[in-house]
> 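Can you read through this structure? Questions will come right after.
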Amino acid sequence: MASNSRPIEKYDISDRMDPVTFEVLRNSFEYACNRMTTIMQRTSFSPILADILDFSNAIYDADVRLLAQAANCPVHLAAMQYSADAAIGRFPVDTLKPGDVIALNDPYQGGTHINDITFTMPIFYKHELLGFAVSRGHWMDLGGGAAGGMSFSTHIAAEGLRLPPIKLYENYEINRDYLAIIMNNTRTPHYIKGDLQAHLGALKSAEAEMQRAAERYGVETVRTAMSELIGYTERIVRKSIEAIPDGVYSAEDFADTDGFSSEPIKVKVTLTIKGSDIFVDFAGSDPICKGSINSPLANTASAAYYSLQFFLAPHAPSNAGMFAPIKIIVPDNCWLNAKWPAPTIGCTTLTSSKITSAIWQALAQAIPERVTGSTCSECNWFVSTAVDKETKRADVFSDLPAGGWGGTPFNDGMNVTMDPLGNCMNMAAETAELFFPIEYEAFELRQDSAGAGKFRGGLGAVFKVRYLCDGELNMETSRTREGSPGVNGGGRSEVQRSTHVYPDGRELVIGGYSPNGAWTSPLLSGHQFSYEEQFKFESTGGGGWGDPKERPAEKVLSDVLDDYISITAAKETYGVVIDPASMTVDEAATSRLRSA
């Protein structure tokens with residue numbers, strides 16, 4: 001059983017601080033995290049941090065309870081609690097000094113997948129511990145059998161360098177031996193020192209902000225504000241849970257494959273709402289997989305927390321108070337509770353998004369008027385080597401071609417938006433082409449990719465990149481067997497597909513369904529591209545909300561005129577007949593079709 005709940009201190013109303021001081025300190029905590037994020041974005045060397053923004057920052061109180069976080073990657077933020085706990089478990093508080101920084105990425109000691117490294121630094125004010133600054137970043141490459149660790153093998157050792165909690169910095173000075181080990185275990189050593197300095201700078205900025213607050217208001221006032229803030233959030237979240245009908249709600253979702261299985265891998269979740277508590281039980285999910293999509297407990301818990309918060313209290317301050325009302329239960333021999341040596345490279349991207357989809361489908365039974373259709377439910381993370389033809393310089397580039405979000409009770413889903421697991425950005429074409437010998441040929445909306453509904457899902461995209469070099473592509477994706485589900489009668493989105501396009505125009509499907517109906521695993525490792533060949537990826541949209549036949553005909557026509565849906569889909573899916581000559585709705589034919 002997993003839970004990040006810790007005892008919340010209770011205060012008499014007469015003991016609570018005045019609301020003005022409370023709000024000033026609450027905002028100062030959040031500002032510290034936002035300042036960390038600004039520093040990370042502006043000073044990181046690797047594009048996956050500086051441009052894609054695959055990092056997260058937070059601060060914790062002296063009891064290692066989440067106090068505040070920036071609006072970074074949701075899948076990181078609750079998982080970072082486990083990392084901070086593991087760091088302090090290895091290096092107890094009474095052994096720490098200013099400038100100590102503990103680093104780890106071990107999936108079985110508070111980490112998730114090996115690329116995500118977490119840095120934890122204590123914050124002292126006049127020799128008293130105020131709390132901790134924590135920064136996590138997805139590093140481009142830490143070795144393993146393929147770039148980005150995406151070998152999709154059967155053992156964690158194939159995914160790269162696995163760091164237990166280590167004291168990487170002492171007195172703000174890096175341990176040169178540890179640095180040398182890291183530099184020797186990456187395909188991108190040119191990013192390492194710059195990214196480490198960015199993380200250290202982010203941690204030091206949080207330290208400065210927290211010390212400034214203690215200097216102005218006093219340590220005890222700051223500590224009181226910390227505890228009251230966590231209790232405040234817990235009260236808000238519990239009140240939100242109480243508005244959901246008590247009951248038991250179950251749903252399932254699936255990963256297409258673990259790279260070895262011919263059958264999909266199941267996520268089953270049962271939500272039990274009881275008063276102001278939610279129990280999230282993953283009993284019935286499949287056992288540990290052979291392939292690299294197993295999820296450590298930290299990742300599973302984080303996915304559950306952020307999935308629920310979308311519909312509980314997204315407006316509440318983000319801190320440990322969110323965790324207290326939510327109890328997470330994961331069986332031991334389960335792919336959502338990975339143990340050594342189960343490989344985990346796809347956990348944050350593929351697996352967490354399926355957990356979210358299953359939880360949202362379960363919530364749709366409890367609060368159908370509030371829940372949206374599932375998103376594209378994928379990160380579509382790819383990593384590729386690129387060897388320049390002239391200089392022979394080898395590098396690694398990466399991107400996350402986004403899909404659509406689900407239809408909502410009030411409007412259509414968002415087009416081409418990063419899955420809820422991360423607030424990341426797609427790589428800008430200008431950046432990619434400046435740094436790497438490639439060209440971005442297309443990133444355009446994909447017609448008929450969204451799930452139909454009264455409010456349809458958002459659209460996915462068609463993404464194309466041309467190699468001006470030799471390259472080796474690795475990719476994690478799914479939703480190639482069936483698209484994302486809708487809710488309340490909404491339809492599924494289209495399936496995803498990866499294609500190798502040759503200079504003469506020939507196309508070979510390398511992930512998903514081919515035109516002849518054959519299906520190929522979408523988990524790619526070491527797929528070779530040569531000069532002038534293209535990688536094309538077609539992402540899916542979000543699931544629909546409500547009966548497509550209830551969508552107003554004029555909205556369907558508008559979608560056809562915008563090339564969002566085809567005339568054929570308008571008729572077959574929405575029951576709206578459009579005259580291709582005049583591009584107007586045939587009212588009589590539409591009425592007959594919809595009433596049939």
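Nothing here was measured: the structure is a model prediction, and the numbers come from that model.
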> Any sub-3.5 Å donor-acceptor pair from D470's side-chain atoms to K389's backbone N or O?
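Pair absent, no side-chain N/O of D470 close to backbone of K389.
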> Please report the closest heavy-atom contact between G403 and S539, naming both atoms and the distance.
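G403 and S539 have their closest heavy atoms at CA-OG, 3.6 Å.
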> So does K549 pair up with D547, basic N to acidic O under 4.0 Å?
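No, K549 and D547 are not salt-bridged.
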> Check whether W519 reaches the backbone of S514 with its side chain - one donor and one acceptor, N or O, closer than 3.5 Å.
no
> Which class fits the ring pair H113 and W381: parallel under 30°, tilted 30 to 60°, perpendicular over 60°?
tilted
> Output, in order, the C-alpha distance, side-chain angles, deciding distance and verdict of ring pair (Phe, Tyr, Trp, His ring centres under 6.0 Å) for F382 and F463.
CA-CA 12 Å; F382 78 81; F463 170 86; 5.8 Å; yes
> Measuring from T431:OG1 to D51:CG, what's the distance to the nearest 0.5 Å?
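Rounded to the nearest 0.5 Å, the OG1-CG separation comes out at 4.0 Å.
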> Does a side-chain N-to-carboxylate-O contact under 4.0 Å join E533 and R466?
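Looking at E533 and R466, the cut-off is not met.
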> Testing the basics here: between F55 and G137, what is the closest heavy-atom pair and its distance to 0.1 Å?
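Closest approach of F55 to G137: CB-CA, 4.0 Å.
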> Please check if the side chain of N299 supplies one atom and the backbone of C347 the other of a donor-acceptor pair under 3.5 Å.
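Checked: pair present.
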> Between K266 and D286 (salt bridge meaning N to carboxylate O under 4.0 Å), is one present in this structure?
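No, no charged N to carboxylate O under 4.0 Å.
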> Looking at every non-hydrogen atom in both residues, tell me the closest pair between L53 and C73 and how far apart they are.
O-SG, 4.0 Å
> Answer yes or no: are there more than 12 heavy-atom neighbours, outside M425 itself, under 6.0 Å from its atom CE?
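At most 12 heavy atoms, drawn from other residues, nucleotides or ligands, come within 6.0 Å of this atom.
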> Are side-chain heavy atoms of Y502 and Q534 found at a separation under 4.5 Å?
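They are not in contact (no side-chain heavy atoms under 4.5 Å apart), so the answer is no.
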> Quick check: does any side chain N or O of R497 sit under 3.5 Å from a backbone N or O of G512, one acting as donor and the other as acceptor?
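Side chain of R497 to backbone of G512: no pair is present.
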> To the nearest 0.5 Å, what is the distance between CD1 (I39) and OG (S44)?
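OG of S44 is found 10.5 Å from CD1 of I39.
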> Once side chain to side chain contact (heavy atoms under 4.5 Å, CB included) is applied, do any residues pair with A146, and if so which ones, sequence neighbours excluded?
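Here the qualifying residues are S151, N474, S525.
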> Out of R481, R492, R479, which residue meets the salt bridge (Lys or Arg N to Asp or Glu O under 4.0 Å) rule with D253?
R479
> Evaluate whether atom CD of E554 has more than 12 neighbouring non-hydrogen atoms of other residues, nucleotides or ligands under 6.0 angstrom away.
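Check passes, neighbour count above 12.
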> Would you name the heavy atoms of S377 and S357 that are closest together and state the gap between them?
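Looking at all heavy atoms of both residues, the closest pair is OG-CB, 3.7 Å.
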> Surrounding NZ of K555 (heavy atoms of other residues, nucleotides or ligands, distance under 6.0 Å), is the total greater than 12?
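Yes, NZ of K555 has more than 12 neighbouring heavy atoms, counting only those of other groups under 6.0 Å.
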> Taking atom NZ of K536 as the centre, report whether more than 12 heavy atoms of other residues, nucleotides or ligands fall under 6.0 Å from it.
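More than 12 heavy atoms, drawn from other residues, nucleotides or ligands, come within 6.0 Å of this atom.
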> Using side-chain heavy atoms (C-beta onward) and a distance below 4.5 Å, is L142 in contact with R162?
no
> Do R136 and I117 touch side chain to side chain, with heavy atoms closer than 4.5 Å?
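Contact flag for R136/I117 side chains = no.
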> H190 and F45: aromatic ring centres closer than 6.0 Å?
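So the answer is no for these two rings.
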> Any idea how Y306 and F310 line up, ring-wise: parallel (<30°), tilted (30 to 60°), or perpendicular (>60°)?
perpendicular
> Identify the heavy atoms of P343 and S292 that sit nearest to each other, and give their distance.
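Shortest heavy-atom contact: CB-OG, 3.4 Å.
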> Please check: side-chain N/O of N105 versus main-chain N/O of L161, any donor-acceptor pairing under 3.5 Å?
yes
> I'd like to know if D256 and K354 make a salt bridge, using a cut-off of under 4.0 Å between side-chain N and carboxylate O.
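A salt bridge is absent here (no side-chain N lies under 4.0 Å from a carboxylate O).
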> Mind checking whether W545 and F455 have parallel, tilted or perpendicular rings, split at 30° and 60°?
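Ring orientation of W545 relative to F455: tilted.
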> For the pair D395 and R187, find out whether any cationic side-chain nitrogen is under 4.0 Å from an anionic carboxylate oxygen.
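Result for this pair is no, no salt bridge flagged.
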> So D448 and R456, salt bridge (charged side-chain N to carboxylate O under 4.0 Å, His left out) or not? Walk me through it.
CA-CA 11 Å; D448 290 336; R456 59 164 174 75; over 6 Å; no
> Is the backbone of S352 close enough, under 3.5 Å, to the side chain of T356 for a donor and an acceptor to pair up by distance?
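Present.
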> Could you check whether any side-chain heavy atom of F282 comes within less than 4.5 Å of a side-chain heavy atom of I355, counting everything from C-beta outward?
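Side-chain contact under 4.5 Å: yes.
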> Contact between Y440 and E430 at the side-chain level, heavy atoms closer than 4.5 Å - yes or no?
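No, side chains not in contact.
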> Locate the shortest heavy-atom distance separating V396 from Y191; write the atom from each residue and the value.
O-OH, 4.5 Å
> Any donor and acceptor pair, going by atom type alone, linking the side chain of S302 with main-chain N or O of A79 inside 3.5 Å?
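Flag set: sc S302 to bb A79 pair under 3.5 Å.
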> Would a distance-only check, ignoring hydrogens and angles, find a side-chain to backbone donor-acceptor pair under 3.5 Å from N380 to P401?
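The answer is yes, because a donor-acceptor pair under 3.5 Å joins these two groups.
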> Mind checking whether F436 and F397 have parallel, tilted or perpendicular rings, split at 30° and 60°?
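Because their plane-to-plane angle lies in the 30° to 60° range, the rings of F436 and F397 count as tilted.
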> Any side-chain donor-acceptor pair under 3.5 Å between E378 and S478?
yes
